[in-house]
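Please read these numbers as outputs of a predicted model, since none were measured by experiment.
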Amino acid sequence: MPALGAQSPIADLESKERALRAQLATLDGLLVAYSGGTDSAFLAWAAHEVLKERMLAVLADSPSLPRRELELAIEFAEHWKIPIRVVATEEMGRAEYTRNDASRCFHCKDELFTVLEKQCRELGFPHMAYGKNLDDQGDFRPGQRAAEQHNVVSPLADAGLTKQEIRELSKRAGLVVWNKPASACLSSRIEYQRPVTREALAAIEAGEEALRNLGFEGSRVRHHGDLVRIEIPRDELSRALTPETAAEFVSIFKKLGFKYVTLDCEGYRSGSMNDVLSVDQIRMAG
């Protein structure tokens with residue numbers, strides 16, 4: 001039982017949801033940076049619930065966004081009648097982005113928010129928001145620095161909502177994204193210092209789609225040049241560690257241009273590419 005005078009977990013969650021809606025209600029117009037992931041989808045849904053037509057979800061399209069994710073994001077918005085606009089971002093035209101150092105995410109988000117600022121000016125929206133949650137504050141996310149520089153608000157974090165709480169509220173609201181696995185952009189699959197190219201992004205997207213077709217949901221294709229490192233969720237590793245499955249992996253990924261095909265025995269880990277970064281690199285990028 002909760003300590004005397006303390007709120008129950010349910011009451012605390014409801015209090016945070018009220019705080020979120022109250023903050024959104026103070027905004028006289030809001031443009032939401034929307035990706036279709038759990039956080040941004042819940043934020044777009046909540047903003048539409050509160051602000052109605054005084055909000056717009058903007059979905060950035062670029063080679064680093066899988067076509068499947070684009071379609072699912074549009075489908076979600078249309079289902080809930082959330083106003084949506086798809087715009088192109090040009091991070092691939094930025095040398096700071098394509099050189100792929102520890103600051104790549106900053107330059108990606110800087111491009112995104114620059115494009116969104118233009119949308120705000122043209123459409124008359126005074127505020128921009130994105131789906132940062134409370135858990136993100138302790139993570140390595142250089143994009144947060146770009147958000148701060150562009151004065152992007154973060155209503156979910158401001159309301160004290162964690163990732164798990166957002167999933168719970170999404171589930172209660174009947175949003176299909178409530179248990180959607182996290183999915184960073186395709187560029188995050190390329191090892192640092194290896195340039196981001198359209199060809200590499202296409203190979204990663206095709207490889208992950210092939211793994212999905214084999215029944216390996218939530219897998220990652222890590223691009224190390226001639227070598228591909230496949231990360232499979234740990235509870236699926238036993239099924240992947242068979243000669244027959246290995247032969248399928250080899251066939252798939254050699255056709256995509258890789259010379260060496262490897263399976264990571266540690267399984268899928270979010271942000272595993274960051275393991276090679278030093279403390280100084282993380283400090284400078286973040």
Side-chain angles (χ1 to χ4, degrees), residues 2 6-27 30-52 54-60 65-66 68-70 72-84 105 109 112-113 116 127-148 152-185 188 217-218 233 268-271:
Q7 282 189 316
S8 70
I10 294 176
D12 186 45
L13 182 57
E14 291 174 347
S15 175
K16 290 181 180 182
E17 184 177 20
R18 287 194 297 272
L20 170 65
R21 288 175 176 266
Q23 181 186 358
L24 291 171
T26 66
L27 306 175
L30 181 67
L31 190 154
V32 175
Y34 172 62
S35 68
T38 302
D39 298 331
S40 71
F42 177 72
L43 176 59
W45 174 83
H48 185 239
E49 286 278 297
V50 174
L51 299 172
K52 305 301 181 187
R54 292 183 292 125
M55 67 78 62
L56 177 67
V58 177
L59 176 60
L65 178 67
R68 181 173 182 270
E69 292 299 319
L70 175 68
L72 289 173
I74 293 173
E75 182 180 295
F76 176 87
E78 290 179 343
H79 175 79
W80 291 100
K81 297 180 171 55
I82 298 170
I84 182 173
C105 188
K109 290 298 187 290
L112 169 65
F113 295 134
L116 264 57
H127 302 284
M128 292 189 296
Y130 76 130
K132 173 186 172 184
N133 64 57
L134 193 65
D135 296 327
D136 292 334
Q137 296 181 169
D139 202 357
F140 174 61
R141 294 179 182 269
Q144 292 181 15
R145 181 161 56 91
E148 293 170 1
V152 185
V153 297
S154 49
L156 301 178
D158 291 345
L161 286 165
T162 64
K163 182 76 170 188
Q164 188 55 44
E165 289 172 333
I166 293 166
R167 289 192 183 281
E168 177 60 29
L169 289 174
S170 297
K171 185 178 182 180
R172 293 185 187 185
L175 309 184
V176 296
V177 297
W178 75 270
N179 63 346
K180 185 176 182 180
S183 181
C185 77
S188 68
E217 291 286 344
Y268 166 63
R269 289 103 63 214
S270 177

So that I can tick it off, tell me whether K163 and D39 are bridged by a salt bridge, with the cut-off set at under 4.0 angstrom between side-chain N and carboxylate O. yes
Taking all atoms of both residues into account, what is the closest heavy-atom pair of S35 and A73, and its distance? O-CB, 3.7 Å
Under 3.5 Å, side chain of T162 to main-chain N/O of L134, donor-acceptor pair present? no
Scanning both residues in full, the closest heavy-atom pair of K180 with T38 reads O-OG1, 3.5 Å
Answer yes or no: is there a donor N or O on one side and an acceptor on the other, between the side chain of R54 and the main chain of H48, under 3.5 Å? no
Step by step, work out the side-chain hydrogen bond (donor to acceptor under 3.5 Å, both in side chains) result for Q144 and D136. CA-CA 9 Å; Q144 292 181 15; D136 292 334; 5.0 Å; no
Side-chain contact, heavy-atom cut-off 4.5 Å: M55 with P83? yes
Can you tell me if E148 uses its side chain to pair, donor with acceptor, with the backbone of R145 under 3.5 Å? no
Show the nearest heavy-atom pair for residues A41 and V177, with the distance to one decimal. CB-CG2, 3.8 Å
Heavy-atom pair of closest approach, residues W178 and S170: CB-CB, 3.7 Å
Hey, does the side chain of K132 reach the backbone of S154 with a donor-acceptor pair shorter than 3.5 angstrom? no
Are the side chains of E49 and L24 in contact, using a 4.5 Å heavy-atom criterion? no
Can you name the residues that form a ring-ring contact (aromatic ring centres under 6.0 Å, His included) with Y34, not counting sequence neighbours? none
Looking at every heavy atom in both L116 and A33, which two are closest together, and how far apart are they? CD2-CB, 3.6 Å
